[in-house]
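Quick notes on the structure that follows.
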Amino acid sequence: MVADSSVALVTGGGSGIGRETALEFAANGAHVVVADVDVDGGEETVADIEADGGDALFVETDVTDADETAAMVDAAVAEYGRLDYAFNNAGIGGDSATVDEYDTERWEGVIDVNLGGVFKCMQAEIAQMREQESGGVVVNNSSILGKVGFATSSGYVAAKHGVLGLTKTAALENGETGVRVNAVCPGFIDTPLLRDAGMEEGSEIREQIESRHAMNRLGTPEEVASAVLWLCDDDASFVTGEAVGVDGGYLAQ
């Protein structure tokens, strides 16, 4: 689905959607740069890729730090010579509280990671891609909650709406530069983060969340990874500024 020997960068690559997307890039012949604050998780993803015969590099990265995101891209270029694809996936869930009760420091933390982190990654990634004759593709991980509201999740919802605004703006700015910028909007995906939030198999809250999807189930990281790789492929060469739902019909209801 992507060019053999291409170079792909995945933030938040230490688990969940990020790990699966990194594995999928590698399975399609890409060199993969795995970035995460979770050193153990990131190195485990690299080990999984290498065990399957792929090539990967781990770079410890805090996406809220512009110096670290710049160094992340520099490391990719130093190791592999260029950057073809970037999946900006790193994110956190945030508090569950109404707007009037949401802790302001925690609000700022969610915005800093989920929106500011995407912005800082995009700055470094797009600057590199614009220098390359081959251009590149950026895919940002937004959410169905980048398109609708969700009670008691104002920080997350606001950040994910912002990611879509950034995506569209950067797509307009780069329409003739050879750099495409899109987003994926997953529904609720069965990841460790979600299970840690109490949505383990068979729980009442999981069944409630599943029922909000037309398919009456959670999505899988593999299903999101497939959408990311399609957006990076030349088959999607006329697609930019889009927010592709991978949501099991959540937004159709």
Side-chain angles (χ1 to χ4, degrees), residues 10-12 15-18 21 35-38 61-66 68-69 86-126 138-173 181-189 191-194 196-199 205 208-209 212-213 218-219 221 224 227-228 231 240-253:
V10 179
T11 70
S15 66
I17 293 170
T21 305
D36 209 309
V37 291
D38 177 6
T61 307
D62 178 355
V63 297
T64 69
D65 187 319
E68 292 197 20
T69 55
F87 179 40
N88 296 317
N89 164 73
I92 58 176
D95 281 4
S96 178
T98 58
V99 170
D100 55 303
E101 295 181 343
Y102 209 104
D103 182 84
T104 54
E105 286 189 12
R106 292 181 181 274
W107 162 275
E108 290 166 1
V110 173
I111 298 297
D112 199 19
V113 175
N114 290 4
L115 179 56
V118 171
F119 170 71
K120 290 165 187 172
C121 289
M122 288 174 69
Q123 284 193 306
E125 294 156 357
I126 291 173
V138 174
V139 181
N140 297 321
N141 197 358
S142 180
S143 169
I144 51 172
L145 303 188
K147 294 188 174 187
V148 297
F150 195 86
T152 72
S153 294
S154 57
Y156 187 86
V157 169
K160 293 301 186 178
H161 273 70
V163 168
L164 294 187
L166 271 177
T167 299
K168 293 174 183 178
T169 299
L172 290 171
E173 293 169 348
V181 186
N182 291 290
V184 288
C185 295
F188 286 82
I189 306 300
T191 63
L193 182 66
L194 214 61
D196 289 345
M199 295 189 199
I205 187 171
Q208 290 174 351
I209 292 296
R212 296 189 179 206
H213 302 73
L218 302 187
V224 180
V228 173
L231 286 169
T240 196
E242 280 299 314
V244 177
V246 189
D247 68 347
Y250 186 104
L251 295 174
Q253 301 185 80

- Distance from Asp95 atom CG to Glu101 atom CD, nearest 0.5 Å? 11.0 Å
- To the nearest 0.5 Å, what is the distance between OG (Ser96) and CZ (Arg106)? 12.0 Å
- Message: Heavy-atom count check: over 12 atoms from other residues, nucleotides or ligands less than 6.0 Å from Gln253 CD?
- Response: yes
- Message: Under a 4.0 Å threshold between the charged nitrogen and the carboxylate oxygen, would Lys120 count as salt-bridged to Asp112?
- Response: yes
- Message: Consider side-chain contact (heavy atoms from CB on, under 4.5 Å). Of Asn182, Val118, Leu164, which one does Asn140 pass it with?
- Response: Val118
- Which atom of Pro221 lies closest to which atom of Gly16, heavy atoms considered: CB-O, 3.9 Å
- Query: Are side-chain heavy atoms of Lys160 and Phe150 found at a separation under 4.5 Å?
  - Reply: no
- Task: May I ask you to decide if Ala243's main-chain N or O and Lys147's side chain share a donor-acceptor pair within less than 3.5 Å?
- Result: yes
- Query: What is the minimum heavy-atom distance between Val184 and Ala227, and which atoms define it?
  - Reply: CG1-CB, 4.2 Å
- All heavy atoms of Ala35 vs all of Thr61, minimum pair found to be CB-OG1, 3.7 Å
- Message: Between Asn114 (side chain only) and Tyr156 (backbone N and O only), is there a donor and an acceptor less than 3.5 Å apart?
- Response: no
- Query: Any sub-3.5 Å donor-acceptor pair from Thr169's side-chain atoms to Leu166's backbone N or O?
  - Reply: no
- Message: Would you call the rings of Trp107 and Tyr102 parallel, tilted or perpendicular, taking 30° and 60° as the class edges?
- Response: perpendicular
- Message: For Val99 versus Ser154, what's the shortest heavy-atom pair and its separation?
- Response: CG2-CB, 3.7 Å
- Nearest 0.5 Å please: distance from the OG1 atom of Thr64 over to the CG atom of Leu115. 12.5 Å
- Task: Answer yes or no: is there a donor N or O on one side and an acceptor on the other, between the side chain of Lys168 and the main chain of Val181, under 3.5 Å?
- Result: no
- Message: Could you check whether any side-chain N or O of Thr11 sits under 3.5 Å from a backbone N or O of Asn89, counting only pairs where one atom can act as donor and the other as acceptor?
- Response: yes
- Between Ala170 and Ile126, what is the shortest heavy-atom contact and its length? CB-CD1, 4.1 Å
- Item | Whether Tyr250 and Phe188 hold their rings parallel, tilted or perpendicular, with breakpoints at 30° and 60° | tilted
- side chain to side chain contact (heavy atoms under 4.5 Å, CB included) between Ile189 and Ile17: does it pass, once the steps are laid out? CA-CA 8 Å; Ile189 306 300; Ile17 293 170; 4.0 Å; yes
- Is there side-chain contact between Thr191 and Ser15, with at least one heavy-atom pair below 4.5 Å? no
- Message: Please find the pair of heavy atoms, one from Val63 and one from Ala90, that lie closest to each other, and give the distance.
- Response: CG1-CB, 4.1 Å
- Item | Thr167 side, atom OG1; Met122 side, atom CE - distance, nearest 0.5 Å | 5.5 Å
- Got a donor-acceptor contact below 3.5 angstrom from the Asn141 side chain to the Asn88 backbone? no
